[in-house]
Structure formats: structure tokens, C-alpha cells
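Note sheet for the following structure.
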There are 2 protein chains.
Amino acid sequence: MNKSTIYHIAEQVGVSPATVSRALSGRGYCGEKTKEKILKIAKELNYAPDQAAKMLKTRKTKKIIFAVPDICNPFYFDMINGINQVLESYGYLLILFYTKHSLKEELKAIQNVREKVADGMIMVSFHFCEENIKAINSLHAPVVLTNKYVSAEGGDKFDYVYVDTYEGVKLGTEHLIKQGIEKIAFIGGNMSEQTGFQRYCGYRDALLDANLNLDESLVIPSNYTESGGYLAAQSLLERSERPQAVVAANDLMAIGVMKACEEAGLSIPDDIAVVGMDNLDIASRVYPKLTSVALLQEEIGRNAAQILMDRLHGNLSSDGEIKLLPRLVVRKSSMRFG
Amino acid sequence: MNKSTIYHIAEQVGVSPATVSRALSGRGYCGEKTKEKILKIAKELNYAPDQAAKMLKTRKTKKIIFAVPDICNPFYFDMINGINQVLESYGYLLILFYTKHSLKEELKAIQNVREKVADGMIMVSFHFCEENIKAINSLHAPVVLTNKYVSAEGGDKFDYVYVDTYEGVKLGTEHLIKQGIEKIAFIGGNMSEQTGFQRYCGYRDALLDANLNLDESLVIPSNYTESGGYLAAQSLLERSERPQAVVAANDLMAIGVMKACEEAGLSIPDDIAVVGMDNLDIASRVYPKLTSVALLQEEIGRNAAQILMDRLHGNLSSDGEIKLLPRLVVRKSSMRFG
DNA sequence: TTAACATATGAAACCGATTGCATAATATTC
DNA sequence: GAATATTATGCAATCGGTTTCATATGTTAA
């Protein structure tokens, strides 16, 4: 356990620790010959700078926290990739923190930033309650959120990078309408929550814009899982007049829908078309391949990380708010006349 | 930017910083009344301990690095889950580091440990070359590897948690043999690498143990991707006598095989049975569902993290080496008489 | 030759906690 | 009531860097 510090180097070379620090960091003046000697001895002593000491003095950790509800959802993998691309180029490390959809854990993540474990944070599905908002507002470090809360007052000033899911569902629905399909069902999540409601609105507005009838009985709330989609689809299919198409609020649900159709002996897309959302990896692996709306996870990650870096380096004065537009990926499951 | 430290608290309360430290940490003696006052003022000042300072003094970071080749492979996510379960209960944070299959990045990860960014590291697919081994051996922090190199000398003393893939392939192959299938092909990865070779051996030994003929022309090296499996399968299927079953070295390859079979108009499992390995999420989503060998990623993660915690808390004196036995998950794709 | 300036280096403060040692105050024992 | 043990607190050193300021030396300009 032969530790080596700038003091050890200084002693060996016969200079002061300050000089060693300057030689190694390249800041300030330092003679060429001295510098050479210092570097030589540093290598000999197998010197590695202590980051804790550096952090204490410089007040920078070169780390950021990515707070995410759970990692089971493949959706977040791509976000991490995007984030990491940016962080890497700035020499930052990424700390992964699970919030498990719980306010308590989100507060813990915030606390870690307060304790200067990281210089900033990117947070997914932030709970917009008073306690949380207050906690995040009192931070002296930048935070980027990836879900936006549209408040009545609109007084909060957060950095946001998010994707317009309203537009996403609308795109998917319009794609069906364009093919002449009129009787379209929507399987959504919890529509009393903001994101769930927005997705519903995308469906609704696509119909209304096309002057189609909006039949509320074709709107089924469920949960965002495969079985959620499966059960909702079953209830739709056992009706006398089944819909010609289903828009699901995410891919897992859509896959559940496809399963229910298959069991009911219906062929996709001929008997019934299906559109999902998220454009997960599996969307292109199921049979038939699933039409889906890409939510650009990786790009969200990249943008969020970039905003954070800009804030940390003083290159961003105004509010950061980036709204990404989703992209429809048409595959077999919705091609009525393919 | 009203920072607050133990000095500010000390001043307000009228005690020394040492007393504040003791009151807040609970270590050492501290009077009840003083403690109360200190806690009260700490809350008033919105005090949060500075982790950098704490780290510097205590020489502990309460973080560990998970160095992983890439994050695109869903395989690793379950590992992260397992790791995190353990870390959480010990109050550690996880730093994610991408090595991109490159030695240079692995050395960077090691350097981070040297610089005391983290207290320990879990590393996936470590390159067993001299430089890397030397670097890791000179660390004064515990490292757990998840791939084992069986060296001739066997002199290295690393902590390992890994799964016996030899046994995995053997299990899968035996499962087919038990059903009376004799003509079984093996699509492997790079068999000049240790892991690739071991998988091949599992296949070979299963046949030999059952006194079956080992036909080397049925062994196809390819790469560990869907298209790798697809191409290999095509070359198998265009022969005059096609195999009755295929064992693929991982699930992605197996899915490629299934695709090739489908295109060739063969029905799975009746015309040809397929077995994969990794038991990824998609194995149960493809049609027909894919029989696979579960490599217990989450358990690897949990065990690796536990060894690390034990080392860090002095609860482990001997070498840590845990070999996990894979588990066969039988699904439709291999059930010849289902 | 001297003023003005650039370069090289050291001394020491500082970042914000922890902790060993010394001392003071209080409690316990005989 | 004296001796001893226990509890409470402060002082000051320490962790390992960075950085400001002062000083010393060397260089160039006038």
C-alpha cells in the first residue's frame, strides 16, 4: 500500500507541492526541466491523483446522475446511450439511480445532488408535487427533466427535453385514417394523468380533424403492459361490431393486442390493423412487424445531456426546453393494402 | 448561494465543529441538549454534508463502477438490476462505464478506480492480456470479473462470478437428444476464443456422452448477431440432408435461424427444432416461443455485488469464485412432440 | 544601466469534513 | 468525601489536492 501524492513527488524531486501540481495540471508557470523531472518521478511512483481531494477543492465532481424509474423498461437503454455519448466527450461519468416511480426515491436522488455527489442530474418521470418541485428548485445544480408538466400558472423554470406524445398518437391515428379506416379504437393508459391524457387527445383530435365520428366506447383505459393491452383488446373483440384498427399507447400494449387478435383468429393487418408507440426493439421482431411511433429516446438523452453540459459550462442563459417530434415507423401490422 | 457547513452550524449553536460532526454522525459522545440544538440549526440552515470532504477524510466513496462493453445488449440490464439490489442495501451508488470491447477503455475504467472515484469495480468481458492483468493486480481495491480465463499457470487471483456456458450448451443439446433427435447442428461464435470454444465443447460432449456421431460439418462458426444466425442457418438448410435441430450460441442467433427456417418454408419445431441461449426477453415473444438457456444475469449481478461488499467490509478472506449453473427454459421451439 | 516585464518557484491558506488527544464536567463507587 | 469512571466538548491535525500572493531570477526595452 505505497500511496503516492504530490507531496511524495515534491520530496523526491526537491520542489514544492505547488510546483508539482502546476506541472501535472499544466496550469500556471513551470520550468521545462523541472516539469520533466516531475513527470518522470510521478510515473516512477505510479502516481494517480486523488479525485476526492480534487473535488473538494475545485467543487466539481465531473459526474452526473441519471435518475430513472426502473431499468426493466428497454425504453431507457437508448436514453442512457444518448446521454453517455455526450458525457463521454466532456469527460463526465454517469451515476445510475433508480427512483422506482416513488417520490421518496426522487427526493433521495435530489439529496445526492445537494451533497455534491454529482454536478447535475437528468430525471425521468419527475413527480410534480410541491415537495419535489421545492427540492429541485432549491438546488444550485442544473437538472433536466424529460417529462413536462403544463401548469396553469406556468411559473416554474425547469429545463426540459421531451417528446410530444400527443403528436405521436395523432400521427399513428392519421396514418390509419389515410388508409380509409374509420372505426379505430384507442387503448390508452391512465388518462387522468397528464401523459395518458395527452395520448388520448392525439387520438381524439386526429379523428375530429378528419371529420370522423368519435365513439367514446372505443376508448379503453388499461395499464401500460402486455397483459393490459391483451385484456383491453379482448373486451373490444367480443363486441358485435369490432373495430377495424387499434391504436395502443405503447408497444407492449400493442403486442398484447396482437396476441388477443391471434387467439381470436383475426389476421393482422387484414382483419384488424395495429399501431403501437415507443418503437422498441421488439416492434420489428414480432410477427407481423409492428407499426410504431419512434419517440427518439437516444436523442432525448443526447439533448438532455447537452443542455446539462451547457449549463455547467455557462453556455446557456435562457431556459432550455426542447420538444422533439416523434416519427412514425410504418411496418406490416398497419399496412391494409400492402 | 448560501452554503452551509458544519462550521456555520457550529458558530450558530456556539459549539465547536467537532461537536457538530459528532452530533450529526452519531459517532462519539454528544450531549442530548446540544445535539437537539445542532439538529435544529442544521435544518434551519438547510445543511447537506459535502460528500467530497467526507470522501477525502474517510477514504471511502460509497460508489462502485460497473464496466460493461456496451449497453445495447439487453443482457446487461438484468445484471445491473442484480447489482443495484445489493448496492442499494449497502448505500452504494453505481457508476456505469462503457468499455466498448476495447482494452483502452478497460484501462480507463481501472484508472478511475486508482484515482479513487469508486471503491471497487465489477467488470464484464475483461481482456486477459498482460497490461490489463497488471493494471488490475496493482489496484488496492476489489474487482470482480464475470468472465473467467482458465490459464495454464492459474497463478492469478481474481474474484469471479460467472456462468458455466459449457454446461448451458450441453443442457440444451441434451434436451434435444432426449427427444430422440440425433442430427443436431451447432451455430457458434468465434470458437478460437475461450467462451466460444467452451460453448462448442458443451455441444460436442453432449453428443459424445450420448454415443452419437459428431459430424463437424454441422458446426458453423458465425457471429453473435441475428444476421449471423440467419446466414449460418441458410448454409445449413440448402444442403441435401438438413439437420433436425439447431443449437445456437445465443438467442439473437437463434432468432436469425428461425427467420431462415420460416423463409425456407420449414415449420418449427416439427420440421426443425431450435434452441437458443441467454433467455432474453424476446425469447418468449417470438413465434414460436424460443427454448433457451437462462444465464441468470441478475443473479450474476447480485453475487458479484455481494462479493464486492464482502471484500470492502472485510467479510471475505478467501478467493471469491462463484460458478453459476445455467437453467434450461423449454418452450415451443424445441418441443418435438408437444 | 535601469526600469519594466515575463517566468519559475515556494509558503501558506483553503476546500469541509473526521478523529485522536486533552481537558472539563458529571456520575458512580467505595 | 475522595477516587475513579463516564460523558461532553474543544483543539488541532489530517485527508490531497488547488490557488493566491510574494519573492527570486531572467529577459528585454529604453
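Quick note: numbers below take in every heavy atom, side chains included, and nothing from hydrogens, waters or symmetry partners. Within every chain, numbering begins at 1; the chains are lettered A, B, ... in the order of the sequence lines, protein sequences first and strands thereafter.
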(message) I need the OH-C1' distance between A:Y7 and D:dA13, as an integer number of Å.
(response) 13 Å
(message) Of all nucleotides in DNA chain C that come within under 4.0 Å of a heavy atom of chain A, which is furthest toward the 5' end and which toward the 3' end?
(response) C:dT7 to C:dG16
(request) Could you tell me whether A:S21 contacts a base, only the sugar-phosphate backbone, or nothing, with contacts defined as non-hydrogen atoms closer than 4.0 Å? (result) base
(message) So, OP1 or OP2 of D:dG17: does either fall under 4.0 Å of a side-chain N or O from A:Y47?
(response) yes
(message) If you assign B:G31 and B:K57 each to the DNA chain D nucleotide with the nearest heavy atom, which residue ends up on the more 5' nucleotide?
(response) B:G31
(request) Take the protein atom NZ of A:K54 and the nucleotide atom C1' of D:dC15, then report the distance between them rounded to whole Å. (result) 16 Å
(request) Let me know the distance between CG of B:L56 and C1' of D:dT18, rounded to the nearest Å. (result) 12 Å
(message) Regarding A:T61 and A:D119, do their side chains bring together a donor and an acceptor under 3.5 Å, going by distance alone?
(response) yes
(message) If you take the centroid of each ring, where Trp contributes its six-membered ring, are A:F77 and B:F77 closer together than 6.0 Å?
(response) yes
(request) Return the nearest nucleotide to the side chain of A:A18; candidates are D:dT19, D:dT6, D:dT14. (result) D:dT19
(request) Sorted by first residue and then second, give each salt bridge (Lys or Arg N to Asp or Glu O under 4.0 Å) pair with at least one member in residues 72-100 of chain B; sequence neighbours left out. (result) A:E88-B:K100, A:K100-B:E88
(request) Return the 5'-most residue of the pair A:L24, B:K35 with respect to DNA chain D, ranking by each residue's nearest nucleotide. (result) B:K35
(request) Could you work out which one of D:dT19, D:dG16, D:dT14 sits closest to the side chain of A:R22? (result) D:dT19
(request) Would you mind reading off the distance between B:Q51 atom CD and D:dC15 atom C1', rounded to a whole angstrom? (result) 15 Å
(message) Is a donor from one side chain sitting under 3.5 angstrom from an acceptor on the other, for A:Q12 and A:E44?
(response) no
(message) We want to know whether A:N81 and A:R302 form a side-chain donor-acceptor pair, criterion being a heavy-atom distance below 3.5 angstrom.
(response) no
(message) Without decimals, in angstroms, what is the distance between A:M55 CE and D:dT18 P?
(response) 13 Å
(request) Round to the nearest Å and state the distance from B:R27 atom CZ to D:dT9 atom C1'. (result) 17 Å
(message) Rounding to an integer number of Å, can you tell me how far B:E32 CD sits from D:dT7 C1'?
(response) 12 Å
(message) If the cut-off is 4.0 Å, is B:S16 near the phosphate of D:dC11, judged by side-chain N/O to OP1 or OP2?
(response) no
(request) Check whether the ring centres of A:F126 and A:F128 lie less than 6.0 Å apart, and answer yes or no. (result) yes
(message) Can you tell me if B:Y29 touches the phosphate of D:dA8, counting only side-chain N or O atoms and a distance under 4.0 Å to OP1 or OP2?
(response) no
(message) What is the distance, to the nearest angstrom, from the CD atom on A:E11 to the C1' atom on D:dG16?
(response) 15 Å
(message) Using a heavy-atom cut-off of 4.0 Å across all strands, would you classify A:S25 as base, sugar-phosphate, or nothing?
(response) nothing
(message) Could you check whether A:K54 pairs with B:E115 (Lys NZ or Arg NE/NH1/NH2 to Asp/Glu carboxylate O, under 4.0 Å)?
(response) no
